[in-house]
Amino acid sequence: MALSTITIDDLIKSISLYHQNEQDIALVQKAYQYASFLHKDQKRKSGEPYIVHPLSVAYILTTFARADINTICAALLHDTIEDTNCTKEDIISNFGLEVATLVEGVTKIKGIVFSSREEGSIENQGKILNGMAEDIRIILIKLADRLHNMRTLEYKTLDRQKAIAQETLDFYVPIAYYLGSYRIKNELEDLCFKYVDPEKYLVTKNDLEDYIESTKEETLELIEQVKKVLLDKDITCRLTYRTKNIYGVYKRVREGLKVSEIHDLWAIQVIVKDIPTCYQVLGIIHSIYPPFNQMLKDLIARPKTTMYRSIHTSVFKENGRLIQFQIRTPEMDEIAELGLPYYWDSPNVVMNEELHNKFQFFKSLVEANQYANSTKEFMDEAKSDIFTNMIYVFTPMGEVVELPEGSTPIDYAYKIHSDVGNKMEMAIVNASVAGFDRKLKNNDIVKIITNDSIEGPREEYLGMCRTNLAKRKINEYFKRKEKEQIDVK
Ligand code: MN
């Protein structure tokens, strides 16, 4: 269904798939009528009535995040404070404080998009990240808003298209990734790619479509085969499939692979009732198709930092082509679909401690925000430590730690805790002693040995670490020490 055809009935139908409450539906109707009235004289660049936009944003939130009623109402009203004469007080009296606070949160982040190099953009992005720490729903509305704007980007001038697409790729795509909102991330990436590099986009899209076309039949057959084998063994299962997004394929091609060599271009999801059955299915699949060894990932035992869980294994089909299986339980499948919103158990979603720790990206953001003296300082840290290529290493207990590429044991130690950094005596990487300036790699197992008699970090550590976080904590230590000395004098 084309999005411009979204109506209030579509929205209500979509809500009722996961939430049934007449009063709540009536509130959504009211928000729709109110927003329609306020925007009645405005049109989108496409020529459509303006209300199509908030309606689409609300609809996206129901399908991508199963948003709660207040978030849906806020999405319908998200442009009213900025673009009409409606005030926060008006929204409070009609829809309550929570909806009004959400709308205000979205409004604070200006609608105007700056190209990523402009100062205003940094200010704006800083506000988005701040808002996120306040209430995660603000950023979800903003993501849905950006997704709909990207879907309708053709109506902007070429310059604006490129600037908006580039900013989306640099800023919104990583956020969608960190939230585990893979569907939003994938769609945004492809839309951005189309505007940022139209030629490569088209070539990749055609190559991908050709490959899918020529392998679709055999893939569907394989799915039937596997289903039959599993049912014969009395394993109740649901099988679905997906193909990699265009930008994802392009990234592999850029690394030198042919489209046909991408091991997870086709992925088949096998959904079974519980974790032991997942491992049983893994064994069955490997007994039919030989696995491509390096590509076996047990993300059930070691979930991604986005909380994504599955067993991934890429195997060789009879004709030698690779295909990926993703084996998981229904709960893991929902997490894969929804990402962080899966954890919403109450309509008031403030990130709690537990979620902060699970989603390391949040913890980093909140911390950076606490210590930064200005938006610029905050964004410097966010750009250096969060909006960059990441590596994933392990603690000796098998927990994943997310670090920017180029990080060293010093960065790791400070990410674990200031005390670990300040008292570190030795670093052990994959069971052998490593220099403090050793560049860590994906899947390294890192252990830091601390010693209480160590006074603190040495000054040269500053040149041996990569993250802003470690540098900030080391500098904090020296400042504290300096202050103590002055106090003693
Ligand atoms: Mn908007």
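Numbering of ligands and ligand atoms starts at 1, following listing order.
- The side-chain tip of K30 points at the ring of F95 from less than 6.0 angstrom away and within 45° of straight on.
- With a 6.0 Å radius and a threshold of 12 heavy atoms from other residues, nucleotides or ligands, E22 has its CD atom at or below the threshold.
- By the 6.0 Å contact criterion, CD on Q23 is open, its count of non-hydrogen atoms from other residues, nucleotides or ligands being 12 or less.
- With waters neither drawn nor counted, the protein N/O/S atoms under 2.8 Å from the Mn ion (ligand 1) amount to 4.
- Judged by the 6.0 Å distance and 45° axis criteria, R44 is not positioned over the aromatic ring of Y155.
- Distance alone, capped at 3.5 Å, is enough to place a donor-acceptor pair between the T168 side chain and the I164 backbone.
- Side chains of D207 and T204: a donor-acceptor N/O pair is absent below 3.5 angstrom, by distance only.
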